[in-house]
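Whatever order the structure lists them in is the order used to number ligands and atoms, beginning at 1. Numbers for residues simply follow the sequence, beginning at 1. When reading the values below, keep in mind they use all heavy atoms of this one structure, side chains included, and skip hydrogens, waters and symmetry mates.
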Amino acid sequence: MRIYDIIKAKRDGLELSSEEISHFVRGAASGAIPDYQLTALLMAIFLRGMSERETADLTLAIAGSGTCIDLQMPKAVDKHSTGGVGDTTTLVVAPLVAACGVPVAKMTGRGLGHTGGTVDKLESIPGFSTLLSMEQFSHQVKEIGLALISATTELAPADKTLYALRDVTATVDSIPLIASSIMGKKIAAGATHIVLDVKYGAGAFMKSPQQAEELAKAMVDIGRRVGRPTVALLTSMEEPLGNCIGNSLEVEEAISVLSGYGGSPALIEVCRAVALEMLKMYFPELGDPAAKLRIDDALSSGQAFKKFKELVAAQGGTLERGLPEAKITTAIKALQTGYVTRIDPLKLGNVAISLGAGRLRKEDKLDYTAGLRLYARINDYVQAGQTIVIAHSDKPLSSELKEAITSAFELGELNPQPKPNILRIIK
Ligand code: URA
Ligand code: CA
């Protein structure tokens, strides 16, 4: 089999066989196929697309390009978000569903671009380690029903190679390439059932609900074809999901939601919806009302927060002395009176990164305490001079960053039509 013929076939719009796809992915992982041929094929796939069958084959080839984790559980339900700003969902949902009896053995990542990563957030808890051996990982899931670790480098190595090439050759935003990349990693990490939180809007990878729906459908279809039932929620990233952006601030918000005394209503709604789908996948005999009741009960009884504390203790962390706090807080005030009509999540995510909540380069060190806390959301009525954001930082806030925060908010005279946080659920 020659890679030249595979490139030519895809260039001419032909469907690739499973063997051809597997030859390409093996060559990407091993380095046997040079970058120029890999990128030529990626561009041909970008332009010609892939059939559902080809996309499913590509997913399985990516999953099989490295270690596939066997979690030794009859069912392992995983959730994945396509990424957003103030997206604290995993920190809430993982202990919440674990408290409802769904075991969670989850591999998770660091921040990428303007979006945060669960590993960074967890590491803002003093002492918390996400580096467990596979034995510790399975042992902890058996003991407390919940473990969160950073993804190993052996997982889906072909994806690492292909993603790095796509990033620099304008071939990232192709539905079959994104769908197989995400699903391949979930399958390699041992998921038998998958709940996807596919985001659309200004702060998301997919800007329109239509694009997000197309991606969601592609992933649900892959799941069906490869025998890993998958459900996708289409959720809004038109404004930050939670009220907090930044690592320890987001942990604090997750704790408020888990203990029932606060948190952004949008974050709470999305967390409950994701948890509901996970519960129904794990306990198919449970109807909607019973599953919802179990979720309510885990939150109101304190069991969900208790599970979070068990997780922190099991992974070496402590909440006893509280979370680290920033040296400096700066209040940002509304410049005029009116309804908040728009909040630019990208701008706020980038401000948080500049403050030290995320990395501009891989080797950058994080300031876990840095970030933003929002005091106004879309549709809120604010008075001129009212605090809309408090910035947390270790240096005085520059006038550029102040200006960026203020300009992320648009105020108007009319109350905008409320938009749903969850648009649709695709099964
Ligand atoms: N996230 C991924 O993991 N892969 C993609 O291709 C795009 C987003
Ligand atoms: Ca991703």
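Checked for salt-bridge contact, Lys8 and Asp5 miss the test: no charged N lies under 4.0 Å from a carboxylate O.
The option with the heavy atom closest to atom 3 (O) of ligand 1, from among Lys185, His80, Lys186, Met206, is Lys185.
By the neighbour-count criterion of 12 heavy atoms within 6.0 Å, atom NZ of Lys75 is densely surrounded, having more than that number from other residues, nucleotides or ligands. Counted within 6.0 Å of CD on Glu325, heavy atoms from surrounding residues, nucleotides or ligands total 12 or fewer; the atom is thus considered open.
Listed by atom number, the atoms of ligand 1 under 4.0 Å from Tyr163 heavy atoms are 4 (N), 5 (C), 6 (O), 7 (C). Close approach of ligand 1 to Ser181 is summarised as follows: ligand atoms under 4.0 Å from at least one heavy atom of the residue are 2 (C), 3 (O), 4 (N), 5 (C), 6 (O). Within the listing of ligand 1, atoms 7 (C), 8 (C) sit less than 4.0 angstrom from a heavy atom of Phe205.
Judged as a side chain to side chain contact (heavy atoms under 4.5 Å, CB included), and not counting sequence neighbours, the contacts of Thr130 are Val119, Leu122, Glu123, Phe128, Ser150.
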